[in-house]
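Order of the sequence lines sets the chain letters (A, B, ...), proteins ahead of strands, with each chain counted from 1. Just so it is clear, the model here is predicted, and its values are computed rather than measured. The basis for the numbers below is simple: all heavy atoms, side chains too, and nothing from hydrogens, waters or symmetry mates.
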Amino acid sequence: MPEGNELHRHANLQSDWFTGRILTVDAPNGRFAEGAALLSRRKLRAIEAYGKHLFYDFGPNRQLHVHLGLYGKYRSGEMPFPEPRGILRLRISDKAHWLELRGPTACDVLSDQQRATLLARIGPDPLSPDAEPKVAITRIRKSRAPIGALLMDQSVISGIGNIYRAELLFRAKLHPLTPGKTITVAKLLKLWSDAQTLMKAGMVDRRIVTTKPSDRPHPTGRARRFETHYVYRRKGLPCFVCGSEVAMKEFIGRKLYWCPCCQPEPTPPESQDRSAPVASR
DNA sequence: GTGGGATGGGCAA
DNA sequence: TGCCCCTCCCACA
């Protein structure tokens, strides 16, 4: 679940219940015991999402930082506490509500300085209202790296995961191996605004839906299960737009999906180099 | 019922 | 490069 949109949703829902309240924080499995002791019985000032990171502000130098990673899960509800289940890293509660966290990649207490350092390291987040797309676009335009790698690099742009990478590139008709520096600013601005649109739409019926109704085999009504994505997890299946078989390959440890026909191979650099001197004469 | 894969990312080596 | 985290979901039996 956790691509950036889900993290923003968690931040908003949890804020409604917990912001401004004095909370009990504990660590049922003991692994976060020291951190929990630093936070418990303090007032939570704010919960904010930046990319895939969540920050809970419990006052100066008491910044709870959570990153769900691949397995992390939240569960929440109204008091009383639910039946114990699984291994519980963190639990936050007041008299009315509880929140449980299992299996996160990160759950730690940061100083204000550490929090600032972390935030300085990550690129703009399309879901943050004050995010500056130029920062990401400049980085992409300076890089020979493939756009498929740059979109997943949280220091370039934050909040995009494997599903949105695949679907954004399809919708932009960009091959994932296109070098960043060969993509026009106009095209990157469109990619940014499409990221905002898709990620704001977020989950529909607990699914990420990226297909336009007119491109679906069943254009009316709710998207069927098999028609929520153009290419993500559709290896070998016909493209909804052109009918070609969707391609897949392993790339930097993750699976990359694209349509070879709608997203043609980038022009090889040799032919550009050859034409450049001629054009300048 | 079971087992493999996945929406990440940090860290040791 | 591979391991960790140790969840949820789905395809398959």
Side-chain angles (χ1 to χ4, degrees), chain A residues 1-11 27-33 35 49-55 65-77 82-91 99-110 114-115 117-123 125-127 148-171 176 195 198-211 223-237 246 248-258:
Chain A
M1 264 154 275
E3 298 211 24
N5 57 316
E6 277 294 276
L7 279 306
H8 283 263
R9 205 184 108 244
H10 281 302
N29 79 344
R31 216 178 126 176
F32 184 60
Y50 295 96
K52 297 171 187 168
H53 299 263
L54 278 173
F55 290 96
H65 166 235
V66 171
H67 193 296
L68 293 179
L70 197 50
Y71 307 128
K73 289 284 182 289
Y74 283 113
R75 239 178 113 207
S76 59
E83 287 297 306
R85 189 214 291 179
I87 299 168
L88 201 46
R89 184 85 64 90
L90 166 75
R91 185 168 62 180
L99 172 73
E100 296 179 338
L101 174 63
R102 292 178 175 74
T105 286
C107 175
D108 36 43
V109 179
L110 302 185
Q114 288 172 314
R115 168 179 153 140
T117 303
L118 198 159
L119 288 179
R121 203 182 73 212
I122 64 177
D125 175 351
L127 288 181
L150 293 164
L151 285 186
M152 293 279 277
D153 181 342
Q154 302 296 302
S155 73
V156 172
I157 181 169
S158 63
I160 292 176
N162 209 17
I163 299 177
Y164 284 123
R165 162 174 73 175
E167 297 298 296
L168 285 167
L169 290 176
F170 178 88
R171 288 164 58 108
L198 283 191
M199 292 170 79
K200 272 182 194 153
M203 308 283 280
V204 181
D205 306 327
R206 304 189 67 204
R207 304 173 302 179
I208 292 174
V209 178
T210 57
T211 48
R224 315 273 172 108
R225 182 183 297 195
F226 68 91
E227 55 188 25
T228 54
H229 307 136
Y230 286 105
V231 292
Y232 178 73
R233 288 247 240 168
R234 294 197 67 243
K235 180 192 177 185
L237 295 172
V246 171
M248 188 278 281
K249 82 169 191 175
E250 207 65 50
F251 179 64
I252 327 183
R254 307 300 301 275
K255 284 180 177 173
L256 194 54
Y257 299 86
W258 75 98

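A:I163 places its CD1 atom 13 Å from the C1' atom of C:dC9, with the value rounded to the nearest Å. Remark: C1' of B:dG10 and OH of A:Y71 are 14 Å apart, rounded to the nearest angstrom. In this structure, A:L110 places its CG atom 12 Å from P of B:dG10, rounding to the nearest Å. Atom CZ in A:R121 sits about 8 Å away from atom P in B:dC11, given to the nearest Å. In this structure, the CD atom of A:E250 is 11 Å from the P atom of C:dG2, given to the nearest Å. Atom NE2 of A:H65 and atom C1' of B:dG10 are 11 Å apart (whole Å). Distance A:L70 CG to C:dC6 P: 13 Å, rounded to the nearest Å. Rounded to a whole Å, the NZ atom of A:K235 is 12 Å from the P atom of B:dG5.
A salt bridge is absent between A:E100 and A:R91: the closest approach of a Lys/Arg side-chain nitrogen to an acidic carboxylate oxygen does not fall below 4.0 angstrom.
Within the structure, every side-chain polar atom (N or O) of A:Q154 is placed at least 4.0 Å from both OP1 and OP2 of B:dG8. Taking only side-chain nitrogens and oxygens, A:R89 comes nearer than 4.0 Å to OP1 or OP2 of C:dC6. Not one side-chain nitrogen or oxygen of A:H67 sits closer than 4.0 Å to the OP1 or OP2 atom of B:dG8. An OP1 or OP2 oxygen of B:dG8 is reached within less than 4.0 angstrom by a side-chain nitrogen or oxygen of A:K52. Taking 4.0 angstrom as the limit, A:R233 places none of its side-chain polar atoms (N or O) nearer than this to OP1 or OP2 of C:dC9. In this model, the phosphate group of B:dG8 is approached by a side-chain N or O of A:R254 to a distance below 4.0 Å at OP1 or OP2.
Using a 4.0 Å heavy-atom distance criterion, A:R165 is classed as making no nucleic acid contact. Residue A:R31 is classed as a sugar-phosphate contact, given heavy-atom separations below 4.0 Å to backbone atoms only.
Pairs passing the salt bridge (Lys or Arg N to Asp or Glu O under 4.0 Å) check and including a residue from residues 154-171 of chain A, sequence neighbours excluded, read A:R171-A:D194.
Taking the six-membered ring where tryptophan is involved, the planes of A:H65 and A:H53 are essentially parallel, since the angle between them stays under 30° and well short of 60°.
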Derivation and outcome, side chain to side chain contact (heavy atoms under 4.5 Å, CB included), residues A:L54 and A:Y74: CA-CA 12 Å; A:L54 278 173; A:Y74 283 113; 3.2 Å; yes

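C:dC5 and B:dA13 have their P atoms separated by 15 Å, with the value rounded to a whole Å. Taking atom C1' on both C:dC8 and B:dG10, the two are 22 Å apart, rounded to the nearest angstrom. Using P as the reference atom, B:dT2 and C:dC6 are 23 Å apart when rounded to the nearest Å.
Taking a pair as Watson-Crick or G-U wobble with both distances under 3.5 Å, DNA chain B forms stems of 3 or more consecutive pairs at B:1-6 with C:7-12, B:8-12 with C:1-5.
With A:Q154 contributing its side chain and A:G159 its backbone, the two residues share a donor-acceptor pair below 3.5 Å. Side chain of A:H67 to backbone of A:G69: a donor-acceptor contact under 3.5 angstrom is found. A:R102 contributes a side-chain N or O that, together with a main-chain N or O of A:R85, makes up a donor-acceptor pair within less than 3.5 Å. Looking only at distances, a side-chain donor or acceptor of A:R234 sits under 3.5 Å from a matching main-chain atom of A:Y230.
Residue A:T105 is the one, among A:T105 and A:R85, whose nearest nucleotide of DNA chain C lies closer to the 5' end (criterion: closest heavy atom).
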